[in-house]
Amino acid sequence: MSDLLPAVRSFLSSPKQLLIDGDWVDAKDGRTFATVNPSTEETLVQVAQASAVDVDRAVVAARSAFESGPWSRMTPRDRSHLLWRIGDLIEAHADEFAQLEALDNGKRVEAARDGDVAVSAELFRYFAGWATKMEGTTIPMSVPGREFHAYTRREAVGVVAGIVPWNFPLLMACFKIVPAITAGNTVILKPAEQTPLTALRLGELLLEAGVPAGVVNILPGFGDTGAALVDHHGVDKVAFTGSTEVGKKIAAAASVNLKKVSLELGGKAPNIIFNDADIDAAIAGAVLGGYFNEGQCCVNGSRLYVQRGVFDRVVEGVAAAARAITVGDGFDANSQMGPLVSQEQHEKVLGYIRGAVRDGAVLNAGSADAIGDRGFFVAPTLITGVTEQMAVQTDEIFGPVVTAIPFDTEDEVVAAANNTVYGLAAGVWSNNIGTAHRVGARLRAGTVWLNTWHADDVTLPRGGFKQSGWGRELGSFGLDDYTELKTVIAELR
Ligand code: ADP
């Protein structure tokens with residue numbers, strides 16, 4: 001590819017290894033796997049594939065860095081400055097990260113640079129501020145005739161395994177690494193097998209910034225690498241983002257030593273549009289909410305519920321906007337949507353669309369056929385005539401597929417919207433302030449958007465109700481899951 005930056009070419013020209021204890025090393029058994037460009041289906045580079053033996057090596061390094069390395073003696077202020085430095089380095093290499101992400105994941109270069117990479121840099125800066133603010137409280141005690149001084153301390157949990165998916169590869173890596181090291185933990189990160197490259201480039205920058213050996217270890221691999229981390233007795237906490245199916249396996253496996261677990265899992269967000277909404281804004285929100293990141297985003301609004309008075313207008317508006325989206329290579333400046341991440345995802349998403357058509361649903365935009373004969377492209381699709389029982393309506397598809405169903409009353413739509421095992425995100429469009437807030441309060445989801453979609457900030461907690469997860473990430477709540485609370489009681493004699 002002619003427009004690749006020299007830094008990206010140079011990064012891709014060497015085999016990619018594991019980061020363990022500050023060194024780049026091959027997998028002990030020498031295994032590697034190919035990572036593929038989803039726009040061209042060409043192999044980009046071979047990547048070392050970590051096995052359980054490598055997991056062991058990384059756990060030893062992370063434990064030692066946690067307990068006895070310079071990390072355990074670093075002051076919060078020095079940690080804060082280090083985090084800020086990493087944010088600056090990410091920003092300085094933003095174009096390079098954006099190209100690597102577009103190559104490995106398929107998303108548009110511009111979307112990667114302005115979204116994934118910019119927010120990753122901001123995460124380091126936001127949490128840099130928290131490193132010096134891990135405060136406890138003093139708590140009065142009432143014991144007749146005796147005096148005490150009692151207080152709490154927030155301490156790091158220990159060795160954290162971060163296991164992440166492929167939809168926002170760098171950003172998800174940062175979601176795990178940043179709060180964990182802010183709180184003084186050490187980390188072993190397992191990137192998704194589809195998209196290991198930006199995490200490996202981040203590893204290089206972490207070393208350049210001065211993160212001590214063993215504090216962040218990076219182990220590319222498949223599900224068995226993740227499972228070896230979850231099974232390991234030397235890991236104190238698992239922070240996972242991915243499917244609900246794997247999340248359940250992790251929760252079960254983590255019970256071997258009752259390691260702490262936080263889970264950010266699947267979603268099937270309802271997006272509810274009332275007759276009295278600003279319909280143009282709602283249509284734009286439905287398009288952004290439905291097709292953002294090629295539809296591969298757990299908080300996308302994949303289930304549209306539209307009040308009957310505006311149903312036809314909204315369906316026509318969303319379908320027209322979907323048809324106008326140019327799908328193509330993430331490196332092509334004309335592309336407005338890239339390919340899906342992998343052949344597996346491509347087949348899965350097209351399978352859902354074909355299933356809906358077979359069951360009698362109507363495609364108002366999009367197609368059950370692939371676009372072109374190379375690359376994992378799918379047209380943004382809008383489906384009507386679906387029932388609540390169809391797989392396209394119940395399952396998280398993780399592709400550019402939106403369904404639309406009409407409704408009449410508030411009670412009816414709230415019941416339908418909540419009729420899902422998921423509870424990650426939801427949205428309401430109404431110009432009646434009472435309707436918007438009332439319905440927002442009735443929706444069982446960790447994030448509710450009113451008259452907007454995908455508005456976000458690193459300051460805001462996120463996470464799921466129901467089978468969408470355990471715990472919250474980011475914001476002031478984002479450190480809680482990476483700390484243990486210690487109570488200290490001293491008798492004043
Ligand atoms: P997706 O459906 O988005 O691909 P997955 O839940 O399958 O998400 O994968 C998310 C991450 O979990 C990936 O890094 C994957 O390798 C890892 N993973 C898959 N299976 C397991 C498992 N049994 N234990 C731990 N990690 C796993």
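Atoms within a ligand are numbered from 1 in the order they appear, just like the ligands themselves.
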Does I272 reach the side chain of L443, with side-chain heavy atoms less than 4.5 Å apart?
-> yes
Taking only heavy atoms of G242 into account, list the atoms of ligand 1 that are under 4.0 Å away from them.
-> 6 (O)
Is there a donor in the side chain of K248 and an acceptor in the side chain of Q467, or the other way round, less than 3.5 Å apart?
-> yes
F398: heavy atom below 4.0 Å from ligand 1, yes or no?
-> no
Polar contact flag, side-chain donor to acceptor under 3.5 angstrom, E347-Q343 = yes
Using distance alone, with no hydrogens and no angle criterion, decide if N364 and T384 have a side-chain donor and acceptor under 3.5 Å apart.
-> yes
Any idea which atoms of ligand 1 are less than 4.0 Å away from a heavy-atom of F222?
-> 16 (O)
Would you check whether K190 has a nitrogen or oxygen atom less than 3.5 angstrom from a nitrogen or oxygen atom of ligand 1?
-> yes
R113 side, atom CZ; D95 side, atom CG - distance, nearest 0.5 Å | 5.5 Å
Look up atom 9 (O) of ligand 1 and tell me if a protein heavy atom lies less than 4.0 Å from it?
-> no
Residue, atom and distance of the protein heavy atom nearest atom 16 (O) of ligand 1 read E193 OE1, 2.6 Å
Distance-only donor-acceptor check, side chains D457 and T459, under 3.5 Å = yes
Ignoring hydrogens and angles, tell me if any N or O in the side chain of S367 forms a donor-acceptor pair with the backbone of D369 under 3.5 Å.
-> yes
Nearest protein heavy atom with distance in Å, relative to atom 12 (O) of ligand 1 = F240 CE1, 3.2 Å
Kindly assign one of parallel, tilted or perpendicular to the pair F222 and F33, based on the angle between their ring planes and the thresholds 30° and 60°.
-> perpendicular
Quick check: does any side chain N or O of N37 sit under 3.5 Å from a backbone N or O of D104, one acting as donor and the other as acceptor?
-> no
Which protein heavy atom lies closest to atom 21 (C) of ligand 1, and at what distance to 0.1 Å?
-> V246 CG1, 3.4 Å
Can you tell me the protein heavy atom closest to atom 23 (N) of ligand 1 and the distance?
-> K249 CD, 4.0 Å
re atom 17 (C) of ligand 1, the protein heavy-atom contact at minimum distance is I163 CG2, 3.7 Å
Nearest protein heavy-atom contact for atom 26 (N) of ligand 1: which residue, which atom, what distance?
-> G226 CA, 3.6 Å
Any N or O of S243 that comes nearer than 3.5 Å to an N or O of ligand 1?
-> yes
Nitrogen or oxygen of W166 less than 3.5 angstrom from that of ligand 1 = yes
Of all protein heavy atoms, the one nearest atom 22 (C) of ligand 1 is G223 O, 3.7 Å
Would you mind listing which atoms of ligand 1 come within a distance below 4.0 Å of any non-hydrogen atom of V164?
-> 11 (C), 13 (C), 14 (O)
Single hit among V60, T186, N185 for side chain to side chain contact (heavy atoms under 4.5 Å, CB included) with V159 | T186
